[in-house]
There are 2 protein chains.
Amino acid sequence: MSLETLKQRALANPEVKAEYDQLEGEFSLIDQLLSMRTEAGLTQTQVAERMQTQKSNVSRLERGNANPSWATLTKYAHACGYQLTIKPIKAR
Amino acid sequence: MSLETLKQRALANPEVKAEYDQLEGEFSLIDQLLSMRTEAGLTQTQVAERMQTQKSNVSRLERGNANPSWATLTKYAHACGYQLTIKPIKAR
DNA sequence: TTGAGGGTTATCATATAAGATAACTGAAGG
DNA sequence: CCTTCAGTTATCTTATATGATAACCCTCAA
């Protein structure tokens, strides 16, 4: 059996599927956070200062070991010079 | 005609669309959540079921008495048939 | 070498988001 | 009137995000 087929079968399981979608979302979120900061040319330490928190917490956020609140996301974005909205996309 | 339809028509106009994108930061997260659900034609109870939670919690979310986590937002969006990403907008 | 800067990880305390239940309102239909 | 359905609010409990501190790994330049 191919790896791909295994993946298909796994994704047929609703719980696994949910996990998977969750991860996909998380990855892209992190990518977007990171590019906001790099785009702004700031270090984690600088962003941390502007967010009034610690660099370790910013790292945690960017490493994806977090499930940040909307408030945290907007603070981060604002620290990087961005406004934040959500972009809902109709799932197929 | 629903408010949502009016909004769609207005956004068909490129000039209005541009204006809208500028102002989008002003629109609340809550508005976007609500329109996802109404767009999907679902009740809070239905969304709650799909999110595997209670209708009261969905209400809390939509009433804005909350600072939802990213996981909660994506669960809600998925329940309404949407994928979710963030949309960072450069602040002036 | 060493020291500094950027980032990561571990850990603890505390604030708070989320789950669960129940009682309520208001509207629509019978 | 009742009853049903959608939504709201209050409250308690539990899970977890966040704040804070400290130690660590790199790389690079002095």
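The structure presented is a predicted model; accordingly, all values stated were derived computationally and were not measured. Convention: sequence-line order gives letters A, B, ...; per-chain numbering from 1.
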Check your understanding: Between A:C80 and A:A40, what is the shortest heavy-atom contact and its length?
Key -> O-CB, 3.5 Å
Check your understanding: What is the distance, rounded to the nearest whole Å, between atom CG of B:N67 and atom P of C:dA17?
Key -> 5 Å
Revision key, fill the gap. Rounded to whole Å, CD1 of A:I30 lies from P of C:dT8 at a distance of 11 Å
Revision key, fill the gap. Interatomic distance, CD1@B:I86 vs CG@A:D31, rounded to 0.5 Å, equals 10.0 Å
Exercise for review: Would you jot down, in residue-number order, the residues of residues 68-79 of chain A having a non-hydrogen atom under 4.0 Å from DNA chain D?
Suggested key: A:P68, A:S69, A:T72, A:K75
Check your understanding: So do the side chains of B:L73 and B:L33 get within less than 4.5 Å of each other, counting heavy atoms only?
Key -> yes
Check your understanding: Same hydrophobic cluster for A:L84 and B:I30, using side-chain heavy-atom links shorter than 4.5 Å among ILVMFWY?
Key -> no
Review point. Which parts of residues 49-66 of chain B get close to DNA chain C, meaning a heavy atom less than 4.0 angstrom away?
Key: B:T53, B:Q54, B:S56, B:N57, B:R60
Point to revise | Set of residues satisfying salt bridge (Lys or Arg N to Asp or Glu O under 4.0 Å) with respect to B:R50, sequence neighbours excluded | key: none
Using a 3.5 Å cut-off and no angle test, enumerate the donor-acceptor pairs between side-chain atoms of residues 52-59 of chain A and protein atoms at least two apart in sequence or in another chain.
residue : atom : partner : partner atom : Å
A:T53   : OG1  : A:N57   : ND2          : 2.8
A:N57   : OD1  : A:R60   : NH2          : 2.9

Exercise for review: Locate the shortest heavy-atom distance separating B:P88 from A:Q32; write the atom from each residue and the value.
Suggested key: CD-OE1, 3.9 Å
Point to revise | Steps toward side chain to side chain contact (heavy atoms under 4.5 Å, CB included) verdict (B:R37, B:Q46) | key: CA-CA 10 Å; B:R37 184 167 66 81; B:Q46 289 173 312; over 6 Å; no
Review point. Are A:W70 and B:L34 in one and the same hydrophobic cluster, where Ile, Leu, Val, Met, Phe, Trp and Tyr link if side-chain heavy atoms are under 4.5 Å apart?
Key: no
**Study point:** Heavy-atom closest contact (B:T85 atom, A:S28 atom, distance)
**Key:** CG2-OG, 4.4 Å
Can you name the atoms? Protein N/O to nucleotides 25-30 of chain C N/O, anything below 3.5 Å, with the distance.
none

Practice item. Report the distance from atom CD of A:E62 to atom CE of A:M36, rounding to the nearest 0.5 Å. Key: 9.5 Å
**Study point:** Bend angle of the helix from C:dT1-D:dA30 to C:dG30-D:dC1, from helix axes over five pairs at each end, nearest 10°
**Key:** 30°
Study note, to complete from the structure: d(A:L29 CG, A:L61 CG) to nearest 0.5 Å is 7.5 Å
**Study point:** Atom of B:H78, atom of B:Q83 and distance for their closest heavy-atom approach
**Key:** ND1-OE1, 4.4 Å
